[in-house]
Amino acid sequence: MFSRSFPPVLLPLLLLFASLLPSAQAATIRPVDGVHAYPVGLDLQMLEDETAALDIAAVASSMYESRFRAVDSARPNMGFSRSAFWFRATLDLSGAPDRAWHLVESHPLIDEVTFFLPDGNGGWVAHRMGDTLPFGERQLRLREFVLPIPAALAARGEPVSVYIRVAGQGALNVDLSLLDAQGLAERVNGQQWGFGLFYGALLIMFLYNLLLYLSTRERAQLHYIVFLGGFGLLFMSLNGHGLQYLWPDFPAANGWFPVFTCLSLWGALQFTRSFLDIRKDNPKVDTGFRLMTHAVVAVFLLGLLLPRHWAYILATVLPLFFAAVMLGAGIMRLRQGYRPARLFVAGWGVLLAGAVLLPLANLGLLPVNTLTQFSPQFGAVLLVVLLSLALGDRMKLLEAENERIREESHEKLEHMFAQLKSLDADKLRFLHYLSHELNTPLNWISATRTAEKSALAPEVRDMIDVVEAGQQRMIDLVGIVLRYFDLAGEDPARIAVAPVAPMWLVDDILREHAAAIAARKLTVRNRVPADLVVMANEARLRRALGYLIDNAINFSGEGQEIELLGGTETYGTRGVVVVRDQGRGIDAEQAGRLFEPFFMVGSHHREGGFGLSLPTTKLLVANMGGDVRVRSEGRGHGAEFSLVLPIAASARAPATPAQSPAA
């Protein structure tokens with residue numbers, strides 16, 4: 001029954017109009033000698049099965065004969081469709097029956113591709129292929145879907161119809177060719193060269209930037225490596241080489257190309273932020289990029305949850321959008337005067353151009369050739385190379401900036417050093433002036449010594465004694481402070497050193513302190529070897545040893561023992577003189593501060609010192625290229641001071657394991 005909106009009287013007119021339409025019969029493909037490859041696209045007929053439920057028996061029957069329509073494109077592109085599509089090609093191989101012929105579907109990402117060949121008995125032989133099947137099930141193990149046509153079919157001497165059914169959740173692109181053995185070999189050989197160069201370039205750039213990152217630890221380099229890794233896996237999946245080489249027995253991994261897309265996009269977005277310094281110079285734009293990186297992660301998660309059909313659509317649309325965004329960010333930074341953005345803009349521009357050329361060629365708006373057919377790969381290689389060059393340009397810019405900062409820092413340090421030297425000179429001048437000004441009244445006070453104390457009252461004599469003691473302490477303080485700051489400001493290179501035997505210096509110092517040693521009933525043993533010879537200034541070494549021995553005497557109890565030892569360490573290149581006592585000892589928390597100026601263990605008043613003898617010792621020895629160390633197990637366990645200086649070259653022993661008398 002007809003609808004009221006469709007009058008029955010129009011039916012005869014429609015049938016007449018349909019009879020005038022062009023026939024659905026496509027041209028028969030007839031190979032001739034000398035031609036090895038034939039594009040089949042324009043000679044196909046197509047039937048859309050919206051239910052995806054039709055079988056070969058129904059499609060090949062007369063019932064569906066009139067539903068086939070001629071294809072209007074050399075590379076039919078049905079996009080993301082849930083329908084199944086049937087294609088019919090008519091082949092007449094009688095002109096070249098002695099050649100082995102192959103039908104080739106060059107788009108490697110179709111989920112289901114089934115070729116139906118007549119079996120000669122009115123039935124059909126199905127050859128199932130597709131990227132959802134293990135790679136080993138293919139008759140010819142090539143990245144494209146290749147069907148060898150049986151020789152019996154070619155020898156029939158009459159046209160035969162071949163049906164091809166394609167279906168899947170990804171993009172349905174059909175690019176059929178008929179090739180003989182020579183044509184197939186030339187096609188595979190050419191592709192191997194092209195893809196070998198393509199993947200070789202990606203691998204070289206990946207390894208090169210990985211080595212750069214390991215040496216520079218530059219964040220932009222790391223993000224670029226992530227981008228390159230995802231980029232390479234994405235193209236291996238899109239080109240069919242992932243199933244061929246990486247996961248041949250796990251075809252489900254072909255559905256991971258949205259994952260590879262998101263990984264590549266995440267790395268590219270983070271690389272753009274780091275490379276263009278957006279975070280520092282354009283905070284608002286950087287906020288947008290951070291939101292986009294979160295969006296990529298969300299798309300990745302959605303790709304795991306959504307049906308594969310929608311995941312494929314998202315993974316196809318997003319790269320073009322984000323590539324345009326990154327190109328725009330590069331143009332913005334280039335206009336702001338950021339020099340490395342030049343190659344960055346060129347790289348993303350080339351990639352977008354390559355992504356556009358192929359669809360234009362598929363629509364017939366551009367000629368189909370090697371450039372347009374593989375324009376995405378060309379664009380990808382140029383992008384990778386240009387971005388690597390851009391990274392190199394950025395590194396040069398950073399090096400120049402670092403060099404400028406180093407020069408400015410060096411100039412500032414030199415200026416600060418000059419100021420410090422000036423301040424140090426001012427300090428010494430002040431101390432000398434202070435010494436002079438203090439000595440004048442001290443000399444006046446010293447006149448009290450000429451007074452006849454016996455004629456004075458006892459309380460006056462006591463006051464004079466206090467004044468004299470204070471005067472002497474002030475004189476000693478001024479003297480030792482001046483000596484300390486003189487040592488701190490001197491140039492070690494001007495100190496003359498020569499071979500010195502510490503044992504003889506120790507003997508002289510002990511004789512000078514004989515009265516103090518006897519008063520405390522101390523036992524002092526000089527066990528410094530006579531053949532120990534160090535490089536030092538003799539006068540300075542005597543002062544340093546005198547401070548250490550005097551310190552040991554002052555802090556030793558009555559009847560205790562002081563031991564002086566000598567030896568070598570650091571494989572016989574440094575000599576050690578150790579002053580070991582059994583006195584008061586030093587707490588661990590105070591040992592680290594012992595060489596600080598004016599620091600004293602215990603009460604300042606009780607000890608009567610100034611806290612400068614050990615810091616002065618440290619300076620004396622350090623200016624001769626040596627060191628002073630201290631060791632103590634705590635209060636009540638004594639202390640051990642080690643004076644270390646280089647061994648005289650003539651006295652060095654053969655290299656032996658380090659040994660120290662302090663051990």
Side-chain angles (χ1 to χ4, degrees), residues 108-109 143 170 194-213 218-247 253-276 289 292-293 295-297 299-300 303 311-312 314-327 329-330 343-358 374-392:
L109 285 184
R143 73 175 191 92
F195 283 116
L197 292 174
F198 172 71
Y199 291 122
L202 290 184
L203 181 61
I204 289 173
M205 290 296 102
F206 180 85
L207 295 176
Y208 169 73
N209 286 281
L210 178 61
L211 291 175
L212 281 181
Y213 169 72
E218 175 70 23
R219 179 179 297 180
Q221 209 88 43
L222 176 61
H223 293 151
Y224 188 55
I225 292 169
V226 175
F227 163 68
L228 282 176
F231 204 56
L233 290 172
L234 173 61
F235 270 95
M236 290 202 75
S237 176
L238 293 175
N239 294 327
H241 293 106
L243 183 61
Q244 184 176 6
Y245 296 113
L246 300 182
W247 50 80
N254 285 326
W256 292 354
F257 91 86
V259 175
F260 303 145
T261 300
C262 291
L263 177 64
S264 179
L265 286 177
W266 184 89
L269 288 169
Q270 295 285 37
F271 168 74
T272 300
R273 292 178 63 202
S274 302
F275 178 83
L276 297 179
F289 266 84
M292 284 187 284
T293 57
V296 168
V297 176
V299 170
F300 168 74
Y312 286 157
L314 286 174
T316 303
V317 174
L318 287 181
L320 293 176
F321 169 74
F322 283 118
V325 168
M326 287 179 275
L327 177 62
L343 294 172
F344 182 89
V345 169
W348 288 108
V350 168
L351 180 69
L352 283 173
V356 170
L357 288 179
L358 181 60
F374 294 100
S375 59
Q377 285 84 351
F378 287 130
V381 168
L382 288 174
L383 169 68
V384 168
V385 172
L386 288 172
L387 289 184
S388 295
L389 293 175
L391 273 172

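Quantities reported herein were computed from a predicted structural model and do not represent experimental measurements.
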Measuring from [X]:[atom1] to [Y]:[atom2], what's the distance to the nearest 0.5 Å?
| X | Y | atom1 | atom2 | answer |
| --- | --- | --- | --- | --- |
| Leu234 | Asn239 | CG | CG | 9.0 Å |
| Leu238 | Thr261 | CG | OG1 | 6.5 Å |
| Ser388 | Leu343 | OG | CG | 10.5 Å |
| Leu269 | Met292 | CG | CE | 6.0 Å |

I want to check something: taking the side chain as every heavy atom from C-beta on, are [X] and [Y] in contact at a cut-off of under 4.5 Å?
| X | Y | value |
| --- | --- | --- |
| Asn209 | Phe227 | no |
| Thr272 | Phe344 | yes |
| Leu387 | Phe275 | no |
| Val325 | Phe289 | yes |
| Phe271 | Met326 | no |
| Val385 | Leu389 | yes |
| Leu233 | Val259 | no |
| Tyr224 | Val384 | yes |

**Asked** So Met236 and Phe260, side chain to side chain contact (heavy atoms under 4.5 Å, CB included) or not? Walk me through it.
**Response** CA-CA 10 Å; Met236 290 202 75; Phe260 303 145; over 6 Å; no
**Asked** Where do Phe235 and Phe198 land on the side chain to side chain contact (heavy atoms under 4.5 Å, CB included) test, with the steps shown first?
**Response** CA-CA 10 Å; Phe235 270 95; Phe198 172 71; 3.7 Å; yes
Could you tell me which non-hydrogen atom of [X] sits nearest to which non-hydrogen atom of [Y], and how far apart they are?
| X | Y | result |
| --- | --- | --- |
| Leu352 | Ala323 | CD2-CB, 3.6 Å |
| Val381 | Ala201 | CG1-CB, 4.1 Å |
| Phe231 | Leu383 | CZ-CD2, 4.2 Å |
| Gln244 | Arg143 | OE1-CB, 3.3 Å |
| Cys262 | Val299 | SG-CG1, 3.9 Å |
| Leu210 | Ile225 | CA-CD1, 3.4 Å |

**Prompt:** Is there a donor-acceptor contact under 3.5 Å from the side chain of Tyr213 to the main chain of Ala220?
**Reply:** no
**Item:** Donor-acceptor contact present, side-chain Ser274 to main-chain Gln270, <3.5 Å
**Value:** yes
**Request:** Could you give me the CA-CA distance, side-chain angles and deciding distance for Asn254 and Trp247, then say whether side chain to side chain contact (heavy atoms under 4.5 Å, CB included) is met?
**Result:** CA-CA 9 Å; Asn254 285 326; Trp247 50 80; 3.0 Å; yes
